[in-house]
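All values derive from a computational prediction rather than experimental measurement.
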Amino acid sequence: CPYVLNEPQTPDGLAAWEVFRRCNGQVRCSMSIVVADGTIRGASGGVYSLDFGSVIALAESMGASSNLFIELLPEMEAIIVRSQRRDDAP
């Protein structure tokens with residue numbers, strides 16, 4: 001099972017995992033609105049990144065801010081953004 005095979009093994013890894021589990025709401029979103037003749041014809045947008053400042057503040061408040069966490073942050077951002085985009089798709 002990949003979840004068991006890749007589960008965090010160290011205290012830093014476990015702490016980082018808990019932050020990533022909780023930071024899914026710390027995303028940056030864009031919104032585009034199409035206007036024609038003064039009326040709204042459609043809207044689109046979506047998640048494009050994590051708010052690193054908020055995520056790092058969360059990690060610090062949880063005692064999980066470590067070199068490992070900072071190194072993993074960009075990699076996890078890509079996974080979280082892809083996940084959010086899949087969830088937002090019609």
Side-chain angles (χ1 to χ4, degrees):
C1 174
Y3 294 108
V4 174
L5 181 65
N6 297 306
E7 70 183 341
Q9 302 291 316
T10 65
D12 280 351
L14 290 168
W17 180 250
E18 285 304 309
V19 174
F20 289 125
R21 274 187 352 100
R22 293 183 173 129
C23 77
N24 218 17
Q26 304 303 321
V27 295
R28 293 181 183 252
C29 299
S30 65
M31 178 62 72
S32 299
I33 298 174
V34 179
V35 178
D37 302 328
T39 59
I40 297 175
R41 298 286 186 200
S44 65
V47 173
Y48 66 89
S49 72
L50 285 179
D51 181 344
F52 276 26
S54 295
V55 174
I56 291 169
L58 176 62
E60 288 174 349
S61 73
M62 294 176 65
S65 182
S66 66
N67 288 339
L68 173 66
F69 178 80
I70 299 302
E71 287 178 25
L72 289 174
L73 188 53
E75 300 296 326
M76 292 303 294
E77 175 189 39
I79 293 167
I80 291 168
V81 168
R82 269 196 311 272
S83 172
Q84 288 282 340
R85 286 184 179 162
R86 253 194 323 268
D87 290 347
D88 291 344

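Under a hydrophobic-cluster definition in which Ile, Leu, Val, Met, Phe, Trp and Tyr are linked whenever side-chain heavy atoms come within less than 4.5 Å, directly or via other members, Val81 and Tyr48 are assigned to different clusters.
Taking all atoms of both residues into account, the shortest heavy-atom contact from Val19 to Met62 is CG2-SD, 3.7 Å. For the residue pair Pro8 and Trp17, the shortest heavy atom distance occurs at CG-CB, 3.8 Å. In terms of heavy atoms, Phe69 sits closest to Ala64 at CB-O, 3.5 Å.
The CZ atom of Arg28 sits 5.5 Å away from atom OG of Ser49, with the distance rounded to the nearest 0.5 Å. Note that the CG atom of Leu58 and the CG atom of Asp51 stand 11.0 Å from one another [nearest 0.5 Å].
For the side chain to side chain contact (heavy atoms under 4.5 Å, CB included) test with Cys23, the passing option among Val55, Ile56, Leu73 is Val55; the others fail.
At a threshold of 4.5 Å between non-hydrogen side-chain atoms, the residues Phe20 and Leu72 count as touching. Residues Asp12 and Asn67 fail the side-chain proximity criterion, which asks for heavy atoms closer than 4.5 Å.
Side chain of Gln9 to main chain of Glu7: a donor-acceptor pair is present (N/O by atom type, distance under 3.5 Å, no hydrogens or angles).
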